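So the structure is just underneath, and the comments pick up after that.
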Amino acid sequence: MTRPPGSAAGTGGGPVRRVRVRAWLERVGLLRGYLCLMGVGTMTLGMLLTWLPAHEVSGASYAVVFHIAPREVWGFVFIVVGVVALWGVARRSRQSARLAIVSLLGLQATWSLGLAAPIVLRGTANALAPVTWLMLLATSVFVFWYSGGDARRTRW
Amino acid sequence: MAASIQPVDVAATITAFGGVAAIAVGARATRRQPEVDSHGRVALPVDPADRPAALRERIAALEAQLRDALEDVGDLKERIAMLEALRTTLEALENEQRRGTAKTRRTPAR
């Protein structure tokens, strides 16, 4: 079986789609592309938190985060942060991108700590905990990449 | 009562503080830094060309240019007036010449 060059098995998209994605990333910039992805993802998570049945999002592994605020409040916060991230992408100003990335960082740090704490407290791990840590790591990389002296040379 | 404080309360407090600390660190890290040259000197926030003394000099130079331009305009106006007068004189002369030519034509040939 032959595949067109540049396409990989299981990706679902051929070389054309890959070129389109690369062109889009080059046009919007890496940070804005990331913020766009995070905005959509965070809004989706917020909607899931709000509308999923309570028993789907509950348990000892969520004890710490839901001790800080109830599920619906977190859902609202996720949607707001997602909107802020997308607004930061659309606004094309350094200040709005900064607000978007900092609010994402705060949310991800809270959830990383909040989902990891029950591992120590109750011995219950949440499957999302490693994902939140990876996301926090990615956002931190962006924060420090675009911070300080490099910020002057960066297209926001 | 100390007994009412559960481990989850402590964890939640630490988590909330962690989130706030992350926001503070992120806000501090993404703050715009002043430019520093290769000698470690902080660059002036204002372009030297835009400082008040330099601006005054530029305004004085522009005023001098404007004055010269106005003088040139005055000269041009005088020249235009002279040219207008010349054109009027020329038109008058042409009219006289045309009339003279016409008279000559009307004179019967001998």
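No experiment lies behind these values; they were computed from the predicted model shown. Naming: A, B, ... by sequence-line order, numbering from 1 per chain.
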Give a yes or no on this: more than 12 heavy atoms of other residues, nucleotides or ligands lie within 6.0 Å of atom CD of Glu56(A).
yes
Is Leu105(A) in contact with chain B via its backbone, its side chain, both, or neither, using a 4.5 Å heavy-atom distance?
both
Quick check on Phe76(A): does its CZ atom have over 12 non-hydrogen neighbours (other residues, nucleotides or ligands) under 6.0 Å away?
no
Mind checking whether Met135(A) and Leu37(A) sit in one hydrophobic cluster, side chains of I, L, V, M, F, W, Y counted as touching below 4.5 Å?
no
Ignoring hydrogens, what is the shortest heavy-atom contact between His67(A) and Ala12(B)? Give both atom names and the distance.
CD2-CB, 3.6 Å
Return the minimal non-hydrogen interatomic distance between Ile14(B) and Leu113(A), and the atom names on each side.
O-CD1, 4.4 Å
Would you mind telling me which of Leu104(A), Leu99(A), Leu121(A), Leu107(A) has the largest number of heavy-atom pairs within less than 4.5 Å of chain B?
Leu121(A)
Taking everything shown except Arg71(A) itself, do over 12 heavy atoms lie less than 6.0 Å from its CZ?
yes
Contact class of Val25(B) relative to chain A, heavy atoms under 4.5 angstrom
side chain
Starting from Val141(A), can I reach Leu136(A) by hopping between I/L/V/M/F/W/Y residues whose side chains sit under 4.5 Å apart?
no
Hydrophobic clusters here meaning ILVMFWY residues chained together by side-chain heavy-atom distances under 4.5 Å, can you tell me if Val131(A) and Val65(A) are in one?
yes
Closest approach of Gly19(B) to Thr110(A) (non-hydrogen atoms, all atoms of both residues)
CA-OG1, 3.2 Å
Between the CZ atom in Phe144(A) and the OG1 atom in Thr30(B), the distance rounded to the nearest 0.5 Å is 9.5 Å
Determine, using the 4.5 Å side-chain heavy-atom cutoff (strictly less than), whether Leu128(A) and Trp74(A) are members of one ILVMFWY cluster.
yes
Shortest non-hydrogen contact from Ala29(B) to Val143(A)?
CB-CG1, 3.8 Å
Most heavy-atom pairs under 4.5 Å with chain A, out of Ile23(B), Val20(B), Thr13(B), belong to Ile23(B)
Nearest heavy-atom pair of Gly106(A) and Ala22(B): which atoms, and what distance?
CA-CB, 4.3 Å
